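This report refers to the structure that appears directly beneath it.
These figures come from a predicted structure and were not determined experimentally.
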Amino acid sequence: MLLTSIKVLMQHGTQYIRHLDRVKLCDEFRGRPVLRSAGLTAAAGAELCRLCPTGAISFGPGLTLDMGKCLFCGECAVRFPEQVRFTNDYRLASPTREGLDVTEGQAAGEWNFDYSAVRPEIGRMFRRSLHLREVSAGGDNSCEMELGAAGNVNFDMGRYGIEFTASPRHADGVVVTGPVTANMARELESTWQAVLEPKVLIAVGGDAISGGLFADSPAVNREFFEVHKPDLYVPGNPAHPMTFITGVLALIGHRTGTPAAAEDRGTGE
């Protein structure tokens, strides 16, 4: 256990991340993909699309990867390394569902967060303080653990006034993880209604955004997201704490730096 801790510290540097806007994750982390279809035949393109268990990849013309469906398993990059490459860029969140589509030609390190799509009252009301109620709507506890890590001593998102609260009555918004099972649909709606206006809705992880592997399951009820549009989509399977933090900071009006200029190294688990 001690040797493992020493190894982690040697790989990532200091445990405490001093500057959350200048974090560089380890190279093993699978973040924003880079796509190219050069040399890809129609048959090979069809095979590439079939590899994805959630149908996140489409081909023709060009390649497109939907990060809202992506499991970040990396199988596509293993089988087609010339066409798909995952970078360690964790800045993946988007205020629009369309913003999660990575298309061919997008450069590595390019984060097109559409600030114009954010409701103006969000930055005006919550720039200095944002309290969120997290609802695990049938999640597997992976995203839930990462959200917990976002507030620990390593990442400490509380320095920006972003905190989780136990009661929706004390919250400014709701964070949803999990595909929304039928057993949780009513409870999720009740929690959302208990939060006073103005409020924000954040979907974290592929399961919450698209249903993930469970999208077609009869045990899943996605009606909540048919009625309520999220203000922020945070992809990942699970979503990394830095993906969540940078996304929320952008949502409330903070402009973050680029990982390329990083001084601190965060964990890549």
Side-chain angles (χ1 to χ4, degrees), residues 11-12 23-94 96-114 139-140 142-143 146 177-179 203-217 220 233-244 246-247 258-260 262 265-269:
Q11 180 180 9
H12 302 302
V23 176
K24 185 178 187 301
L25 299 186
C26 62
D27 294 335
E28 291 79 9
F29 175 74
R30 296 192 192 111
R32 179 175 296 278
V34 176
L35 310 175
R36 62 187 298 269
S37 62
L40 193 66
T41 65
E47 181 185 350
L48 173 57
C49 294
R50 285 195 299 269
L51 273 178
C52 184
T54 58
I57 303 175
S58 59
F59 174 59
L63 281 173
T64 301
L65 189 149
D66 182 354
M67 293 190 296
K69 295 181 177 179
C70 183
L71 301 179
F72 291 86
C73 63
E75 288 299 315
C76 53
V78 172
R79 178 64 180 83
F80 293 89
E82 297 298 321
Q83 282 72 40
V84 183
R85 177 175 63 88
F86 286 92
T87 71
N88 64 345
D89 187 356
Y90 51 80
R91 301 169 305 155
L92 312 176
S94 171
T96 65
R97 185 65 179 86
E98 297 77 16
L100 298 181
D101 288 341
V102 176
T103 58
E104 186 176 355
Q106 284 184 264
E110 182 180 358
W111 186 34
N112 296 320
F113 190 93
D114 187 1
D140 61 4
S142 58
C143 278
E146 297 300 305
T177 57
V204 177
D207 288 349
I209 295 171
S210 66
L213 285 171
F214 313 100
D216 298 324
S217 170
V220 169
Y233 300 89
V234 184
N237 193 53
H240 192 277
M242 283 306 305
T243 305
F244 179 75
T246 53
T258 67
R265 297 190 66 86
T267 177
E269 287 89 31

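When all heavy atoms are compared, the tightest approach of E104 to A38 is OE2-N, 4.2 Å. The minimum heavy-atom distance linking S94 with G99 is given by the pair OG-CA, 3.3 Å. When all heavy atoms are compared, the tightest approach of E146 to A239 is CB-O, 3.1 Å. Nearest heavy-atom pair across F86 and C76 is CE1-SG, 3.8 Å. The two residues V102 and L35 have their closest heavy-atom pair at O-CD1, 3.3 Å. Of all non-hydrogen atoms in C70 and A56, the two that sit nearest each other are N-CB, 3.8 Å.
With sequence neighbours excluded, no residue forms a salt bridge (charged side-chain N to carboxylate O under 4.0 Å, His left out) with E75. Among residues two or more places apart in sequence or in another chain, the salt bridge (charged side-chain N to carboxylate O under 4.0 Å, His left out) test is passed with R79 by E47.
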Test side-chain contact (heavy atoms from CB on, under 4.5 Å) applied to I57 and L51, step by step: CA-CA 9 Å; I57 303 175; L51 273 178; over 6 Å; no
Evaluate the side-chain contact (heavy atoms from CB on, under 4.5 Å) criterion for residues L48 and F59: first the C-alpha distance (whole Å), next the side-chain angles of each, then the deciding distance (0.1 Å), finally the verdict. CA-CA 8 Å; L48 173 57; F59 174 59; over 6 Å; no
List the steps, then state whether side-chain contact (heavy atoms from CB on, under 4.5 Å) holds for V23 with Y90. CA-CA 9 Å; V23 176; Y90 51 80; 3.5 Å; yes
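Note: M67 CE to N237 CG = 13.5 Å, rounded to the nearest 0.5 Å. T96 OG1 to F113 CZ: the interatomic distance, rounded to the nearest 0.5 Å, is 8.5 Å. Here CZ of R30 is found 11.0 Å from CG of L71. Values are rounded to the nearest 0.5 Å. Taking OH of Y233 as the start and CD of E98 as the end, the distance is 7.5 Å to the nearest 0.5 Å.
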Name every donor-acceptor pair, under 3.5 Å, that has one atom in a side chain of residues 204-216 and the other anywhere in the protein, sequence neighbours excluded.
unit_1	atom_1	unit_2	atom_2	d
S210	OG	G68	O	2.8
S210	OG	G206	O	3.1
S210	OG	G212	N	3.2

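Using a 30° and 60° split on the angle between ring planes, F29 and H240 fall in the perpendicular class, above 60°.
Of the possible polar contacts, one joining the T54 side chain to the K69 backbone as a donor-acceptor pair under 3.5 Å is found. Within the 3.5 Å criterion, the main-chain N or O of A93 finds a donor-acceptor partner in the side chain of W111. In this structure, N88 contributes its side chain and L25 its backbone to a donor-acceptor pair below 3.5 Å. Although no hydrogens or angles enter the test, the distance criterion places no donor-acceptor pair under 3.5 Å between the side chain of T64 and the main chain of T103.
Contact annotation: the side chain of V234 never approaches that of L92 to less than 4.5 Å [non-hydrogen atoms, C-beta and beyond].
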